[in-house]
Amino acid sequence: MPFFCGHHLMDALLSSLSFVTLYGLSYGVVLFTISIGLVVTMGLMRVINMAHGAFAALGGYVAVSLMNAYSVPFAIAVPVAVIAVALFGVVIERLFYAHIYTASELDQVLLTVGLAYVAVAGLNLAFGPNVFPGQLPRLLTANVDIGIRTFQVYRLFLIAVGLLLVLVLWYVFDRTSFGARLRAAVDNRTMAQAIGIDVPKLFSLVFSVGCGLAALGGAIGYAILPLEPLYPFKYLVLVLIVVSLTGFGNIKPSVWVAIFVGVIDTACRLLFPSAGAFIIYAILIGLIIHKHAGFLSRRSSS
Amino acid sequence: MTARSELLERHSYNPIEALYWLLLIGTFFAFPNYLSIATTVVIMALFALSLDLVLGFAGIVTLGHAAYFGIGAYTAALLASGGWREPIIDAVLAGLASAGLALMIGPALLLLDGLPLIMVTMAVSAILFEAANKASWLTGGDDGLRDFSFLPVFGLFPWSVYGQTSYLYALGWLALLFVLVRRVVSSPFGVALQGIRENRARMRLIGSPVIGHLVRAYTLSAFMAGIAGAVHAQTNKFVSLEVLGIDTSVDVVVMLVLGGIGRLYGALIGAPIYILVKHFAAEWNPYHWMFIIGALLIVAVRFGYGGLLGILGRIEAWFARARGTRKP
């Protein structure tokens with residue numbers, strides 16, 4: 001009998017461990033997809049963008065409403081939403097962000113918080129104040145047995161998207177001329193401009209890519225992060241934490257940071273439900289202070 | 001005027017200020033039915049003034065100042081429930097509780113600047129919010145705290161139903177702490193803070209104890225925010241989780257920005273504008289209100305450097321120029 005109990009315990013432990021890993025990973029992937037856009041734009045433009053979550057929300061809303069209203073399949077709705085939001089991002093960049101690149105941090109925070117407020121009001125006006133329900137395609141809601149326990153295909157799909165995204169981003173940043181120009185502009189904007197890189201054009205392009213990535217996160221993640229008018233603010237703190245832990249313009253660590261945040265948050269909610277979300281905040285405050293005392297001054301002196 | 005005295009006298013008294021205070025006193029007689037919203041205006045002006053000290057004068061960008069307002073409000077309410085019902089000492093103790101937290105986390109927090117600082121201030125207030133939410137045995141959780149009351153102010157003025165005592169009590173705190181802030185920003189310490197705001201590295205090079213100065217300013221600001229929170233609890237006889245919310249932190253920043261940052265009267269002018277507009281727009285629809293606040297922020301950053309006071313200053317300068325060109 002004791003052996004039997006031990007066996008059960010082992011099973012339960014493995015089961016919850018794999019739950020935390022897989023759910024944490026997939027949650028981390030969504031966070032990573034949304035925050036990588038912000039890491040790139042903030043790294044290049046040095047703009048504190050509090051409205052980034054609004055682009056993710058917009059991506060989710062566009063994808064889900066395409067699926068709900070016009071029964072567009074998931075596989076088409078998501079790319080269409082990403083492209084639409086990326087184009088919209090260029091317009092917003094030219095209208096608002098282009099004017100605050102050299103402004104103070106406070107002005108950047110204020111203007112982008114203002115944009116996020118307008119987005120919240122707009123989403124409420126267009127889609128109503130409640131959670132906007134979206135169905136996942138049947139293929140993704142199916143369960144699959146991976147030996148230890150069964151999981152929704154959706155979770156595995158998210159992890160696959162995350163892996164693919166990491167590969168694509170690595171290739172673009174490390175192996176293409178666009179990536180090289182981008183890294184040059186992040187490291188030393190003045191010098192990059194001096195050797196003939198059109199930095200303002202690069203800014204628009206990168207901002208658009210950042211918005212598109214946010215939209216991708218919102219569009220594939222709506223079953224984890226439900227769409228509602230306050231979405232732009234609800235997940236902003238988590239995304240900004242990922243960005244400030246990663247540092248401006250460091251693409252590689254952001255994968256690990258986002259996944260770390262996702263796994264820790266899932267584990268804490270599972271293991272200590274009464275402690276709620278604040279264990280993750282406490283850990284992250286400690287890490288940020290440990291990592292950053294003086295970090296920005298070093299970057300901005302270059 | 002020497003450079004030194006010019007720096008110290010930048011915020012000296014101006015006769016036109018009397019008008020502002022006369023307006024506040026006049027409100028007491030002219031709008032007896034609106035004293036409850038007028039009290040809110042005065043409390044938020046005090047809260048915004050505390051923020052001005054760190055954001056406007058020391059350049060500490062924080063999106064978590066509601067932490068100190070909330071601690072003050074809860075401390076005041078809990079002390080009263082526990083039996084300490086004398087309002088003035090109660091408010092001072094509440095301010096000290098807030099200052100205590102600021103003094104504890106300030107030395108680590110103020111090593112940061114830019115985005116990490118904004119993030120950590122936000123996260124600290126998010127933690128306090130979660131903690132207050134979970135500790136419902138102490139804070140009443142979602143329901144908030146009520147069923148506490150205070151003795152008459154100075155033992156003479158009971159808390160009236162129509163809020164006359166509340167208004168004058170809040171106004172008294174605002175006037176007192178305004179004089180204090182004005183003295184602080186006009187002192188060599190205040191000038192050092194403004195130096196840190198303009199150029200931290202240079203201040204460190206000339207031997208100024210940068211972190212020490214910032215911690216002192218931050219603690220004083222938390223003390224004032226705590227008193228504002230306490231007055232909020234005392235005059236409303238109710239405290240809810242809202243006092244710790246991120247919205248409260250953002251609201252107070254917006255008030256200060258609308259009025260004008262780093263100008264002393266910015267806080268005192270931004271608060272009434274913001275609260276009156278909010279009061280009338282929110283009756284309409286809370287989400288439409290977010291549209292208005294968002295648009296105001298965008299306009300304030302794009303076109304209105306220095307808020308309303310900055311705009312007035314530019315109009316004044318323009319008139320002065322126009323006169324100057326006509327004269328010769």
Side-chain angles (χ1 to χ4, degrees), chain A residues 42 46 48 50-51 95-96 99-100 103-125 129 229-230 233 236-237 240-241 243-245 247-248 274-282 284-286 288-297 299-301, chain B residues 55-56 59-64 105 107-131 133-134 197 200-201 211 246-247 250 253-254 256-258 261-262 285-303 305:
Chain A
M42 284 182 45
R46 304 279 197 274
I48 299 178
M50 310 287 276
L95 277 179
F96 297 105
H99 301 282
I100 54 163
S104 70
E105 274 147 8
L106 179 67
D107 278 350
Q108 298 178 348
V109 167
L110 292 170
L111 185 119
T112 54
V113 164
L115 285 175
Y117 270 121
V118 171
V120 169
L123 288 175
N124 171 65
L125 197 67
L230 282 172
F233 286 109
L236 184 68
V237 178
L240 283 175
I241 282 174
V243 176
S244 48
L245 273 178
F248 279 175
S274 63
F278 64 97
I279 295 180
I280 186 90
Y281 287 137
L284 292 170
I285 289 177
I288 291 178
I289 290 181
H290 170 72
K291 179 166 186 282
H292 279 287
F295 133 94
L296 273 179
S297 43
R299 290 292 293 183
S300 59
S301 64
Chain B
L55 182 61
I60 302 168
V61 184
T62 160
L63 278 185
I105 63 173
L109 188 82
L110 296 166
L111 291 174
L112 307 172
D113 61 357
L115 180 70
L117 177 64
I118 296 174
M119 286 318 307
V120 171
T121 54
M122 257 169 111
V124 167
S125 76
I127 286 189
L128 282 174
F129 182 89
E130 281 289 323
N133 188 16
K134 298 287 179 201
R197 176 190 68 196
R200 208 172 172 160
I211 298 296
I246 181 89
D247 318 22
V250 175
V253 174
V254 176
L256 189 56
V257 169
L258 291 182
I261 291 176
N285 178 323
Y287 280 103
H288 293 168
W289 158 242
M290 292 188 111
F291 183 81
I292 295 177
I293 179 183
L296 276 177
L297 275 175
I298 295 169
V299 171
V301 175
R302 288 281 282 107
F303 307 107
Y305 286 104

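Convention: sequence-line order gives letters A, B, ...; per-chain numbering from 1. No experiment lies behind these values; they were computed from the predicted model shown.
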Handout entry: Non-hydrogen side-chain atoms of B:L63 and A:M50 separated by less than 4.5 Å
Key = yes
Problem - Heavy-atom side-chain contact between B:V253 and A:V113 under 4.5 Å - result: no
Practice task
Against chain A, label B:L296 side chain, backbone, both or neither, depending on which of its atoms sit under 4.5 Å from a heavy atom there.
Solution key: neither
Fill in the blank from the handout: Here the gap from A:N124 atom CG to B:M290 atom CE, rounded to the nearest 0.5 Å, amounts to 9.5 Å
Problem - A:L110 to B:V301 - nearest heavy-atom pair and separation - result: CB-CG2, 3.6 Å
Handout entry: Student check: side-chain heavy atoms of B:I246 and A:F233 closer than 4.5 Å
Key = no
Exercise for the section: Kindly compute the distance separating CD1 (A:I48) from CE (B:M119), expressed to the nearest 0.5 Å. Expected result: 10.0 Å
Fill in the blank from the handout: Value for OH (A:Y117) from CG (B:L297), rounded to nearest 0.5 Å, stands at 7.5 Å
Handout entry: Contact origin within B:L117 toward chain A - heavy atom pairs under 4.5 Å
Key = neither
Exercise for the section: Would you mind telling me which of B:V254, B:V61, B:I293 has the largest number of heavy-atom pairs within less than 4.5 Å of chain A? Expected result: B:I293
Problem - Heavy-atom contact with chain B under 4.5 Å, split by part of A:L123 - result: neither
